[in-house]
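So you know, we letter chains A, B, ... as the sequences are listed, proteins then strands, and number each from 1.
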Amino acid sequence: MSESKKPTNFIRQIIEADLASGKHRKIHTRFPPEPNGYLHIGHAKSIVLNFGIAEDYGGECNLRFDDTNPHKEDVEYVEAIKEDVRWLGYEWAGLYYASDYFEQLYEFAVELIEKGLAYVCDLTPEQVREYRGTLTEPGRESPYRNRSVEENLDLFRRMRAGEFEDGARTLRAKIDMASPNMNMRDPTLYRIRRGAIHHQTGDEWCIYPMYDFTHPLSDALEGITHSLCTLEFEDHRPLYDWVLDHVSAPCHPRQIEFARLNLEYTVMSKRKLTQLVEEGHVEGWDDPRMPTIAGLRRRGYTPAAIRDFCNRIGVTKVDGTVEMGVLEASIREDLDRTAPRRMAVLDPLKVVITNYPEGKVETLSAPNHPKDDSMGTRELKLTREIYIDRADFRESANKKYKRLVLGGEVRLRNAYTIVCDEVVKDDEGRILELRCRYDPHTLGRNPEGRKVRGVIHWVSASEGVEAEVRLYDRLFTRPDPDGVKGASFLDFINPDSLKVVTAMLEPALAGAEAGARFQFEREGYFCRDAKEAEKGRLVFNRVVTLRDSWAKVEGKKA
RNA sequence: UGGGGUGUCGCCAAGUGGUUAAGGCACCGGACUUUGACUCCGGCAUCGCAGGUUCGAAUCCUGCCACCCCAGCCA
């Protein structure tokens, strides 16, 4: 697929230049998630960028957990993240935790103190905020800013020893309280978290380094050459460089920022996704409507389609929002090529073929793929009573309608043509069933003297299998659910994002493997839900519909 | 009102002073079709605005405008 086209973007250009100039002989990148939630499609963009670069330039990419805040993190997330990265098709060169470096980080902090570039500050959080100044006014220096090196060393050692309460003191970098860049106004380097049990280091530490101190040094310790992060860290780059410039770090990685992914009709922030899960708006992190990797996987998306999507959208510094259609195009392209075809009737309407022998079961053969014979065939069972979709019949319609009409003829996909003779209704006028006649001479060939334009799918009433089918739609009713002032994104949850129907499937579908994907002809791509399969239930999730130009024609009339 | 960014077709995105301003998605035609799918053919921009430099500018300069990010002991 189009995945083979090598992407090009400003970051790759920088890397190519660094390789060409000899600045680097080997490229090292890293994907550094904080294990405080599940990965989503936005992370996939970063994963594909970082691992893709390592792959294409003969380099290496590490997976590093940025676990410096014990309050928010959990092993549940580290395991899920590892699974998601592997599922996307990548294997890390090294698996690290920022917490692996806590001892070294502590030493680097001591080095800063010894150089007179860091100090222990006793200001309360509120005071720190006051002293920091505002966007337009410079801050004021902390009264503790000029403590002696000896006193700072002693205090920092005692912070580590657990002698002070949470919030009582912090270690701060001594930079410039008047800097127009807020991040340079003596940023906090370490804070005290005495009660915390860290998922990796347990109770070994009671002081924890901040991101701005940890990240550049973790990168340097791992020999990262290019540290790729999102736009909001642009203002942090001067601090990233400051840390590396003032400590004896083994190397100085280059931080490069790119725009994070925004997708229409969904939300991407961890906070909001967590809220959707915790408040029960969805069934979990792997709910097929979620933009999480776990959700997309359960929905039926393939790793190849997600990688392809990431390459299609590119990498720039422009803060934009990608249409869902791009993601959908990626999965359709993949599944069109790889998914076996099947027939499934989602809204069954019974059809009795009056001239078809009662009790007869005819076995027909149908190709699994119209353009790929290597995918083989499967058997279909035709009987006197079958189901077709209610949307495929109208008592009358104009010639643009190519399906079954009273008195009209259509082909049953992979079988014979039928003509509708009669519509049977109940007292309220609702159609109960259709009575049709088939032409026994039309199997595998066109009838003589007339052309049958329409083809509809069907399933034998007695041989087919019933199954639950979940029809998913976008989770929100607006392309920008969190873009409305004064409103919550929750106000725009789509009440119809999940519709459950009982469908009739062709017999071959009864043995579908968990997670197996198919194209239900004329309907869309579906995936057997793996979670329900574990319970022995036959449930299918709609991954995405087929493109539908007829719906557009119909929509215009309405 | 400070600092840092970004503005090329409806949405992404190439373009790095001389190209007819790539490509993808979407959209609009049309062909094909036992999936109104797929595939195939064709259509679809003068580059935020205004000046300037230049033989020549989306690409350089100046000035505007719009939008995003930053005042966590979060990442």
### Query
Stacking between Trp550(A) and the base of G36(B) (centre distance under 5.5 Å, interplanar angle under 30°)?
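Yes.
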#### Entry: Heavy atoms of other groups near Arg453(A) CZ, more than 12 under 6.0 Å
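Atom CZ in Arg453(A) is not packed in, count stays at 12 or less.
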### Task
Give one of base, sugar-phosphate or nothing for Leu135(A), where a contact means two heavy atoms less than 4.0 Å apart.
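Counting heavy atoms under 4.0 Å across all strands, the contact made by Leu135(A) includes a base.
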### Query
Taking the six-membered ring of Phe520(A) as reference, does the NZ or CZ atom of Arg342(A) fall below 6.0 Å from its centre and within a 45° cone about the axis?
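No, Arg342(A) does not sit over the ring of Phe520(A).
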### Task
Determine: side-chain N/O of Arg237(A) to OP1/OP2 of C69(B), distance under 4.0 Å, yes or no.
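No, outside the criterion.
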### Query
Reckon Thr124(A) has a side-chain N or O less than 4.0 Å from the OP1 or OP2 of C73(B)?
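For Thr124(A), the contact criterion (side-chain N or O under 4.0 Å from OP1 or OP2 of C73(B)) is not met.
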### Message
Output the rounded distance in Å from CZ (Arg411(A)) to P (U35(B)).
### Response
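Whole-Å distance recorded here is 10 Å.
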#### Entry: Pro125(A) side-chain proximity, nearest of A71(B), A26(B), C73(B)
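The closest nucleotide is C73(B).
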### Task
Consider the side chain of Gln13(A), meaning its heavy atoms from C-beta on, and name the nucleotide among C12(B), A37(B), U16(B) that approaches it most closely.
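Ranking C12(B), A37(B), U16(B) by closest atom to the Gln13(A) side chain puts U16(B) first.
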### Query
For C32(B), which nucleotide in any strand shown is its Watson-Crick or wobble partner with both distances under 3.5 Å?
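Pairing partner: none.
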### Task
Quick one: look up who U6(B) pairs with, Watson-Crick or G-U, both distances under 3.5 Å, and put none if it's unpaired.
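A66(B) is the nucleotide pairing with U6(B).
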### Query
Which whole number of Å gives the distance between the C1' atom of G51(B) and that of G42(B)?
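The same atom, C1', in both gives a distance of 40 Å.
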### Query
Expressed as a whole number of Å, how far does the C1' atom of G18(B) sit from that of A58(B)?
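Each nucleotide's C1' atom is 13 Å from the other's.
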### Query
Near RNA chain B, which residues from residues 436-443 of chain A have a heavy atom under 4.0 Å away?
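RNA chain B contact set from residues 436-443 of chain A: Thr442(A), Leu443(A).
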